[in-house]
Amino acid sequence: MQHRGAWKSRWTFMLATAGSAIGLGNIWKLPYMIGVNGGSAFVLVFIACILFVGIPLMMTEILLGRRAQKNPLNGMAKLAHEAKASPHWQWLGGMGMVTGLLILGFYSVIGGWVLSYIVEAARGVFTDVSGAQSAANFDELLASPFTLFFWHTMFMVMTMGVVARGVNSGLEKANNILIPALFAILLVLLGYSMSVGDMVASYQFMFSLDFSKITPVAVLSALGHAFFSLSLGMGSVMVYGSYLQRNVSIARMTIYIALADTMLGLLVGLAIYSLVFANHLAPSAGPGLIFQTLPIAFGHMPWGSLIGTLFFMLVAFAAWTSAISLVEPAIAWIVENKEMKRTTAAWAIGLAVWLLGIAVLLSFNAWKEVKIIFGLNIFEVLDKLTSTILLPLGGLLMAIFAGYLMKKTHSQEELGLSHRAYKTWRLTNNVIAPIAIVCVFLYLFGWVK
Ligand code: TRP
């Protein structure tokens with residue numbers, strides 16, 4: 001077995017895990033999902049899912065990783081052995097690795113959109129752009145497979161380049177400055193949206209208490225997105241936890257990360273919808289939403305080209321640190337088991353994901369109408385399969401393992417919580433989160449209407 005990396009301090013762990021959690025999920029996906037799923041109904045369920053499912057399961061995933069001190073597959077095998085459970089639990093780790101690669105297949109394509117927008121912003125393409133023009137610019141990007149291919153390739157090379165070097169490559173240190181910078185620039189954006197946009201409409205759209213609008217599909221998407229946004233259910237957090245020292249409080253780390261992650265997403269949402277309503281755009285525009293609305297803001301504010309360039313650079317950075325965590329479980333497994341160097345493993349896996357990404361980018365143009373199943377194209381299948389099935393399933397199994405199979409003394413030892421706090425974690429991990437996930441699955445598979 002090769003030498004394993006370890007975080008230098010709790011801050012590097014926290015920044016790396018926050019770097020994993022904060023990404024396109026917050027800036028690109030959450031805003032458009034809010035619009036597609038009817039606004040506040042989705043937001044309220046999403047927040048509930050973060051509190052009652054996301055936070056406890058993030059603690060669970062970190063504790064499993066730290067106890068195992070291994071990649072997810074061998075780690076689950078080790079924990080299963082320790083708990084005298086079936087060795088088949090290792091496939092939970094295996095499933096996570098595959099899930100991560102499937103997600104990266106489309107993540108990289110969207111990361112490519114962001115990269116191309118850095119250049120567009122810098123070239124001044126957004127200056128004085130109208131809503132219609134901005135939407136047309138984005139459609140033009142989607143209609144150009146070669147441009148998409150170029151940027152997807154760039155994004156993959158950037159990601160695998162870091163992965164090849166290992167987790168302590170110094171990227172986490174950059175996180176230290178860049179995540180706060182992202183928050184700062186977001187506040188500028190929010191300030192601008194507040195002054196020219198329709199913040200009242202945006203606020204009402206996102207937060208009005210209207211439970212009548214909650215639909216089963218919104219609940220399904222909200223739960224899936226809670227997993228996606230916090231990087232849960234596939235082993236990203238588990239593998240990062242496995243590099244974490246023993247003396248760090250898992251609960252405190254989790255709460256900071258979950259708060260920062262959720263706040264960031266909701267702030268982007270507020271800024272975006274305020275622009276959407278002021279410019280009479282459609283809230284339900286789908287995956288192109290931020291690429292159609294943000295240029296309008298950057299195109300009209302003072303210093304817009306500069307601020308826009310910086311903004312898309314920071315988003316690209318956030319996406320980059322997330323992408324790395326999507327492949328790390330698979331790479332850690334290969335390096336710890338096979339006679340393969342980290343660099344070789346990184347480029348081999350990278351190649352496979354890059355090919356998958358090509359299929360995804362074609363699903364925005366040439367293969368748009370190629371429906372794989374249930375009328376969904378390649379991008380949609382990968383997105384739905386991972387967010388609404390594989391991640392919640394992974395989370396459910398982790399919760400069951402940690403709650404029912406692992407010795408109570410072991411989980412208690414890892415979490416190091418007071419008696420009351422431990423009981424709260426146990427209640428959410430053992431009962432509330434599993435029931436929520438199972439209910440969603442029963443609906444999803446049509447067993448309950
Ligand atoms: N959470 C990241 C985002 O919001 C994406 C991500 C990274 C992820 N690692 C993950 C999603 C693991 C699910 C599982 O952009």
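Atoms within each ligand, like the ligands themselves, are counted from 1 in listed order.
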Colleague: Is it the case that over 12 heavy atoms from other parts of the model lie below 6.0 angstrom from the CE atom of M253?
Modeller: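 Yes, CE of M253 has more than 12 neighbouring heavy atoms, counting only those of other groups under 6.0 Å.
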
Colleague: Within a 6.0 Å radius of atom CZ on F52, are there more than 12 heavy atoms belonging to other residues, nucleotides or ligands?
Modeller: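 Count not over threshold, so no.
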
Colleague: When only distance counts, is L326 in polar contact with ligand 1, meaning an N/O pair under 3.5 Å?
Modeller: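 Between L326 and ligand 1, no N or O pair is found under 3.5 Å apart.
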
Colleague: Note the single closest protein heavy atom to atom 6 (C) of ligand 1, along with its residue, its atom name and the distance in Å.
Modeller: S231 OG, 3.5 Å

Colleague: Provide, to 0.1 Å, the distance between atom 15 (O) of ligand 1 and the closest protein heavy atom, together with that atom's residue and name.
Modeller: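 Going atom by atom, the protein heavy atom closest to atom 15 (O) of ligand 1 ends up being Y107 OH, 2.5 Å.
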
Colleague: With respect to F227, determine whether any N or O atom, backbone or side chain, lies less than 3.5 Å from an N or O atom of ligand 1.
Modeller: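 No.
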
Colleague: Is the contact between D261 and ligand 1 made by the side chain, the backbone, both, or neither, using heavy atoms and a 4.0 Å cut-off?
Modeller: neither

Colleague: Which residue, F126, F317, F298, forms the ring pair (Phe, Tyr, Trp, His ring centres under 6.0 Å) with F311?
Modeller: F298

Colleague: For S325, take its heavy atoms, then give the atoms of ligand 1 lying under 4.0 Å from any of them.
Modeller: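 This gives 7 (C), 9 (N) as the contact atoms.
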
Colleague: In Å, rounded to the nearest 0.5 Å, how long is the span from CD1 of I22 to CD1 of I257?
Modeller: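 It is 9.0 Å, given to the nearest 0.5 Å.
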
Colleague: With atoms numbered from 1 as shown, which atoms in ligand 1 lie under 4.0 angstrom from a non-hydrogen atom of I103?
Modeller: 13 (C)

Colleague: Among Y117, F364, Y32, which residue satisfies the ring pair (Phe, Tyr, Trp, His ring centres under 6.0 Å) criterion with F291?
Modeller: Y117

Colleague: Run the salt-bridge test on E328 and R342 with the 4.0 Å N-O cut-off and return the result as yes or no.
Modeller: yes

Colleague: Taking side chain to side chain donor-acceptor pair (under 3.5 Å) as the criterion, tell me which of N429, T428, T254 meets it with T60.
Modeller: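 The side chain to side chain donor-acceptor pair (under 3.5 Å) with T60 is passed solely by N429 among N429, T428, T254.
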
Colleague: What are the atoms of ligand 1, with element, lying closer than 4.0 Å to any heavy atom of L24?
Modeller: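 Counting from 1, the qualifying ligand atoms are 15 (O).
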
Colleague: Suppose we measure from atom 2 (C) of ligand 1 to each protein heavy atom; which comes out shortest, and what is that distance?
Modeller: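 The protein heavy atom lying closest is S20 O, 3.2 Å.
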
Colleague: Counting heavy atoms only, which of W28, F228, Y240 comes nearest to atom 11 (C) of ligand 1?
Modeller: F228

Colleague: For M234, take its heavy atoms, then give the atoms of ligand 1 lying under 4.0 Å from any of them.
Modeller: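 With M234 as reference, the close atoms of ligand 1 come out as 12 (C), 14 (C).
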
Colleague: With nothing but distance in play, are any N or O atoms of A21 less than 3.5 Å from an N or O of ligand 1?
Modeller: yes

Colleague: Would you say NZ of K368 has more than 12 non-hydrogen atoms from neighbouring residues, nucleotides or ligands within 6.0 angstrom?
Modeller: no

